[in-house]
Amino acid sequence: IVTKMPRWDLAKFEGVSEKIGSAMKSVGEVMAVGRSFEESFQKAFRMVDPGNPGFAPQGDWSDPAKLEDELHSPTDKRVAAIAWSMRNGMSVEELQDRTKIDPWFLHRLDRMHKLAMRIEGEDHSKAQGMDGTDSDGIVALGGLPVSLLEKAKQLGYSDAQIANMVSRDGSKVDEITVRQARKERGIVPVIKQIDTLAAEYPAQTNYLYATYHGDENDVESSGEGVVVLGSGTYRIG
């Protein structure tokens, strides 16, 4: 599943309408690949701007008029407004009526939202063993069940997002702790490839992508790698 997402820098220009319509206003785009819409969507959302943690409420949408305007007439902040609406009880049907977004996409966003609420809201400590060691739950993550941690990764949640979800008052969990816990339990991505020539000829330039939906790598690492540093999508200023 491929998700392409544009980047807008509308806030950098005075007097420019932030409303998004048929006019070309983006200054670049990203492309993310995964094995589910949720996985590729969250990848793209984080890639388009490092300030985006992923699909989660951002900003203050408590003003009903402001929220209604955003849902009816979108800006680049629409995804955050949808996440805020779901967090505050708006149903998929209500969102579809306001946004006219195909329910297929809204149901997948709602799937991510419901998993986040489950991780944040449940008392996972009961999943721990009586001796304080792991039973079905991960002690270092407040007893979060391994199955939920794996599901969160398959739905595109980053280690940083999961750390925020399992943190409680007086018990802060950081991104490194989540990463170590999942690696110890074998929850790691595999590398898959896309045949760019549809098997018509042997492809030498396959697209490679990481996914948590898989058991084996399509391409094994040679042990050598190259890091390409860049600023990501095009930026103004």
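Side chains are part of it too, since the values below use all heavy atoms of this structure and drop only hydrogens, waters and symmetry mates. Positions are given from 1, in the same order as the sequence printed here. Bear in mind that the values here come from a model prediction, so they are computed numbers and not experimental data.
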Inset, instruction - Would you check, one step at a time, whether the test side chain to side chain donor-acceptor pair (under 3.5 Å) holds for E39 with T211? - result: CA-CA 8 Å; E39 185 178 48; T211 179; 2.8 Å; yes
Legend entry - Donor-acceptor contact present, side-chain K43 to main-chain V33, <3.5 Å: yes
Inset, instruction - Mind listing the closest non-hydrogen atom pair of M86 and F55 along with its distance? - result: SD-CZ, 4.0 Å
Legend entry - Side chain Q42, main chain L155, donor-acceptor under 3.5 Å: yes
Legend entry - Shared hydrophobic cluster for W104 and L95 (ILVMFWY, side-chain gaps under 4.5 Å): yes
Legend entry - Criterion side chain to side chain contact (heavy atoms under 4.5 Å, CB included) on I101 and L109, from CA distance to verdict: CA-CA 11 Å; I101 295 174; L109 296 180; over 6 Å; no
Legend entry - Salt bridge present between K19 and D69 (N-O < 4.0 angstrom): yes
Inset, instruction - Spell out, as yes or no, whether a donor-acceptor pair under 3.5 Å connects the side chain of Y157 to the backbone of M112. - result: yes
Inset, instruction - Start with the C-alpha gap between F41 and M5, add the side-chain angles, then the distance that decides, and say whether side chain to side chain contact (heavy atoms under 4.5 Å, CB included) holds. - result: CA-CA 8 Å; F41 177 85; M5 188 172 293; 3.7 Å; yes
Legend entry - Check ion pair E150-R185 (N to O, under 4.0 angstrom): no
Inset, instruction - State yes or no: do M31 and I194 share one hydrophobic cluster built from I, L, V, M, F, W and Y residues joined by side-chain heavy-atom distances below 4.5 Å, directly or via other members? - result: yes
Legend entry - Point-to-point distance, once rounded to the nearest 0.5 Å, from CG of L115 to CG of L148: 6.0 Å
Inset, instruction - Return yes if some donor-acceptor pair links the side-chain N/O of N217 with the main-chain N/O of V219 below 3.5 Å, else return no. - result: no
Legend entry - Of T3, D49, V48, the residue whose pairing with V30 passes side chain to side chain contact (heavy atoms under 4.5 Å, CB included): V48
Legend entry - R118 and K151: CA distance, side-chain angles, deciding distance, side chain to side chain contact (heavy atoms under 4.5 Å, CB included) verdict: CA-CA 12 Å; R118 181 179 176 188; K151 189 65 175 178; over 6 Å; no
Inset, instruction - Could you tell me whether the side chain of Q58 reaches within less than 4.5 Å of the side chain of P53, counting heavy atoms only? - result: yes
Legend entry - Pairwise distance CD(E68) to CZ(R98) - rounded to 0.5 angstrom: 4.5 Å
Legend entry - Closest heavy-atom pair and its distance - A83, A56: CB-C, 3.5 Å
Legend entry - W84 to P57 - nearest heavy-atom pair and separation: CA-CB, 3.9 Å
Inset, instruction - Indicate yes or no for a side-chain donor-acceptor contact from D110 to the backbone of V92 under 3.5 Å, with no hydrogens or angles considered. - result: no
Legend entry - Atom pair CZ/CG of R46 and N52 - distance to nearest 0.5 Å: 10.0 Å
Legend entry - Single-linkage hydrophobic cluster L149~I176, side-chain heavy atoms < 4.5 angstrom: no
Legend entry - Backbone N/O of T99 and side chain of R78: donor-acceptor pair under 3.5 Å: yes
Legend entry - Donor-acceptor contact present, side-chain E175 to main-chain A163, <3.5 Å: no
Inset, instruction - Answer yes if F105 and I1 sit in the same cluster of Ile, Leu, Val, Met, Phe, Trp and Tyr residues linked by side chain heavy atoms under 4.5 Å apart, and no otherwise. - result: yes
Inset, instruction - Give a yes or no on whether R108 atom CZ has more than 12 heavy-atom contacts from other residues, nucleotides or ligands under 6.0 Å away. - result: yes
Inset, instruction - For Q161 and G54, work out which heavy atoms get closest and say how close. - result: NE2-CA, 3.5 Å
Inset, instruction - State whether D159 and K153 are salt-bridged, where the test is any N-O pair (Lys NZ or Arg NE/NH1/NH2 against Asp/Glu carboxylate O) under 4.0 Å. - result: yes
Inset, instruction - Examine the side chains of E70 and T75 and answer whether a donor and an acceptor come within less than 3.5 Å of each other. - result: yes
Inset, instruction - Return the minimal non-hydrogen interatomic distance between V190 and E216, and the atom names on each side. - result: CB-O, 3.7 Å
Legend entry - Pairwise distance CG(D9) to OG(S26) - rounded to 0.5 angstrom: 10.0 Å
Inset, instruction - Check the side chains of T177 and D174 for a donor-acceptor pair under 3.5 angstrom, ignoring hydrogens and angles. - result: yes
Inset, instruction - Say whether, by atom type as modelled, one donor and one acceptor occur between the side chain of H213 and the main chain of Q154 under 3.5 angstrom. - result: yes
Legend entry - Check: E120 main-chain N/O paired with R168 side-chain donor or acceptor under 3.5 Å: yes
Legend entry - Side-chain heavy atoms of L144 within contact of I119, under 4.5 Å: yes
Inset, instruction - Please examine the side chains of K183 and V178, heavy atoms only from C-beta on, and report whether any two atoms are closer than 4.5 Å. - result: no
Inset, instruction - Kindly give the heavy-atom pair with the smallest separation between M47 and A32, and that separation in Å. - result: SD-CB, 4.0 Å
Inset, instruction - Kindly compute the distance separating CD (E38) from NE2 (H113), expressed to the nearest 0.5 Å. - result: 14.0 Å
Inset, instruction - Indicate, with yes or no, if Y212 and V146 share a hydrophobic cluster defined by side-chain heavy-atom contacts under 4.5 Å among Ile, Leu, Val, Met, Phe, Trp and Tyr. - result: yes
Inset, instruction - Could you check M90 against L71 for side chain to side chain contact (heavy atoms under 4.5 Å, CB included), going step by step and ending with a plain yes or no? - result: CA-CA 12 Å; M90 192 174 292; L71 296 177; 4.0 Å; yes
Legend entry - Nearest-0.5 Å distance, NZ of residue K77 to CH2 of residue W61: 7.0 Å
